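Letters A, B, ... mirror the listed sequences (proteins, then strands); counts begin at 1. Every value quoted in this text rests on a predicted model; they were computed, and no experiment measured them.
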There are 2 protein chains.
Amino acid sequence: MLKRERQAYILHQLNLHNKVLSSRLSEAINVSEDTIRRDLQELADSGRAIKVHGGALSLSFSEFNIHNNNVYGKDEKQIIARKAISLIKENMVVLTSGGTTINELARSLPRELKATFISGSIPAILEYSNHPNIDVIVIGDKISKNSRITIGADAIAKIKSLKVDLCILGINALDIEHGITDSDWDVAQLKKVMIESSQKVVALAISEKIDTYQPIHICPLRNIDYLITELNPDDERLAFYKKTGVQLI
Amino acid sequence: MLKRERQAYILHQLNLHNKVLSSRLSEAINVSEDTIRRDLQELADSGRAIKVHGGALSLSFSEFNIHNNNVYGKDEKQIIARKAISLIKENMVVLTSGGTTINELARSLPRELKATFISGSIPAILEYSNHPNIDVIVIGDKISKNSRITIGADAIAKIKSLKVDLCILGINALDIEHGITDSDWDVAQLKKVMIESSQKVVALAISEKIDTYQPIHICPLRNIDYLITELNPDDERLAFYKKTGVQLI
DNA sequence: CATAATGTCGCAAAATGTTGCAAAAAGACG
DNA sequence: CGTCTTTTTGCAACATTTTGCGACATTATG
């Protein structure tokens, strides 16, 4: 990878995540951390990034604009996104729901990954379609203003006609008794059919959603193949879920 | 391989991959790296590539280009967008194509306007869905990376099933003899059915697209109800079009 | 304050660039 | 056709840039 190209990549990552870690960049681009540091130094010198111990921050951090467009719990969601990405193999067809965790996943997809992503989430589609090697298929229908995903009979019918390799759901609530639940009826309907249309189902949830529930039922825990949180799979808060046979990551 | 031929090949590779390595090119074309370097130097001097240590990058890497998100001919497009908006009445159902002119339109929609917009253009959908009073319906299908709109049989079938009040098309080329034409086959198919599915058709074009044509035929001028350019409707460059019965705005 | 993670510095190896030059190729012209 | 000029190309010597490594300093964190 050329130096200029690398720096452009770093800037791109900075725009997406507002922060980069030297360690992770060095892994991703496959150069030594020294090189990354020198790049960050140059970017900092030319005023395009703010260098800090361990990596760099986007310029938006320098300003006192704490009007943060930061998604709540962003770090946790990045951890979850990385774990989820490890399940996606070359040339898979992946169906994804909406939500900020999914957006984080979309932003974090490695450049080299070749796959097909199907979604009705506008922000996710945007990220997918910026990716050089990913084919994107859009589920059409009316956009729900709250969730910024397409909902309705057409969307449901379309999803029903699919049978994809992997379904990745950002979920709102789960507990042992009720399984996976949600607060939005339309979204719940969609998630139900998404689960039916997939070989394997991955549920993404930050730990604070564990042991909570919402009024609308989506599915029991046994319909989920993988549960991903930011916690270590051996964490005691997940002990009950381990017994249900869901694979924790 | 001749010099000219070689440079054309290099540019082609640049467009394809956004980067070239001197080493690879020298292998591929079977000339010394010196020669490649001289070629890259010339391409850089004439502003067709960005030379960096180890090879060259496509112009899209240039900071300048990225920094100003200036769309080409932005001012003209804003004028066109304003004129087009004047045709949209309360509670209309509007079908729009893709393209930068349409994006400008989407950005410029007045806050109070209540209407339903149907589109397969990702950037346009994004703008529409930010709007407080607009219902958005997404045409689903596979995303074409070039044009960032959904294309394919599903999209066409969906559009065929509609009958909307207004269709607003950003167009690539029009002249008296060929009518409206385009360079992308898939996009042209979509535009054809969009025209059929609408009561009234509006064509948007900056003046430099007037009296030009592209290989793929979309429709004759008589299928268009309104033609909007940044020019005054009485401008002499539009005189011929006036006679065809198209309403100029 | 101890420990691990990160950063800095100088250095050397490898890759890439530059320059001047001469041979080959192509073109110009009587 | 032969001679001259110009352009193009590759080579060799030398300069520069880039990169990773190791020794040592600094910072973060519990």
Side-chain donor-acceptor pair under 3.5 Å between B:T35 and B:S32, yes or no? yes
Within this structure, what is the CE-to-P distance between A:M1 and D:dT18, rounded to whole angstrom? 16 Å
Nearest whole Å is fine: how far is C:dT16 C1' from B:D39 CG? 17 Å
Are A:K200 and A:D165 within salt-bridge range, i.e. N to O under 4.0 Å? no
With a 4.0 Å cut-off on heavy atoms, is B:R6 in touch with a base, just the backbone sugar-phosphate, or nothing at all? sugar-phosphate
Starting at atom CG of B:L2, determine the distance to atom P of C:dA24, rounded to an integer number of angstrom. 20 Å
Which nucleotide, D:dG10, D:dT9, D:dG20, lies nearest any side-chain atom of B:K3? D:dT9
B:R24 atom CZ is separated from C:dT16 atom C1', nearest whole Å, by 15 Å
Is the shortest side-chain N to carboxylate O distance from B:R237 to B:D211 below 4.0 Å? no
Atom-to-atom span, CD1 of A:I36 to P of D:dC21 - whole angstrom: 14 Å
Salt-bridged, B:E27 to B:R24, with N to O below 4.0 Å? no
Could you check whether A:E42 pairs with A:K3 (Lys NZ or Arg NE/NH1/NH2 to Asp/Glu carboxylate O, under 4.0 Å)? yes
What residues, two or more places apart in sequence or in another chain, satisfy ring pair (Phe, Tyr, Trp, His ring centres under 6.0 Å) together with A:Y213? A:H178
Are there any protein N/O atoms within less than 3.5 Å of an N/O atom in nucleotides 6-9 of chain C, and if so, which ones and at what distance?
{"from": "C:dT6", "atom 1": "O4'", "to": "A:H53", "atom 2": "NE2", "distance (Å)": "3.1"}
{"from": "C:dT6", "atom 1": "O3'", "to": "A:G54", "atom 2": "N", "distance (Å)": "3.0"}
{"from": "C:dG7", "atom 1": "OP1", "to": "A:V52", "atom 2": "O", "distance (Å)": "3.4"}
{"from": "C:dG7", "atom 1": "OP1", "to": "A:G54", "atom 2": "N", "distance (Å)": "2.5"}
{"from": "C:dG7", "atom 1": "OP2", "to": "A:R37", "atom 2": "NE", "distance (Å)": "2.8"}
{"from": "C:dT8", "atom 1": "OP2", "to": "A:K51", "atom 2": "NZ", "distance (Å)": "3.2"}

Can you tell me the distance, in whole Å, between the CG atom of A:L40 and the C1' atom of D:dT19? 15 Å
Under 4.0 Å between a side-chain N/O of B:S32 and OP1 or OP2 of D:dC11, yes or no? no
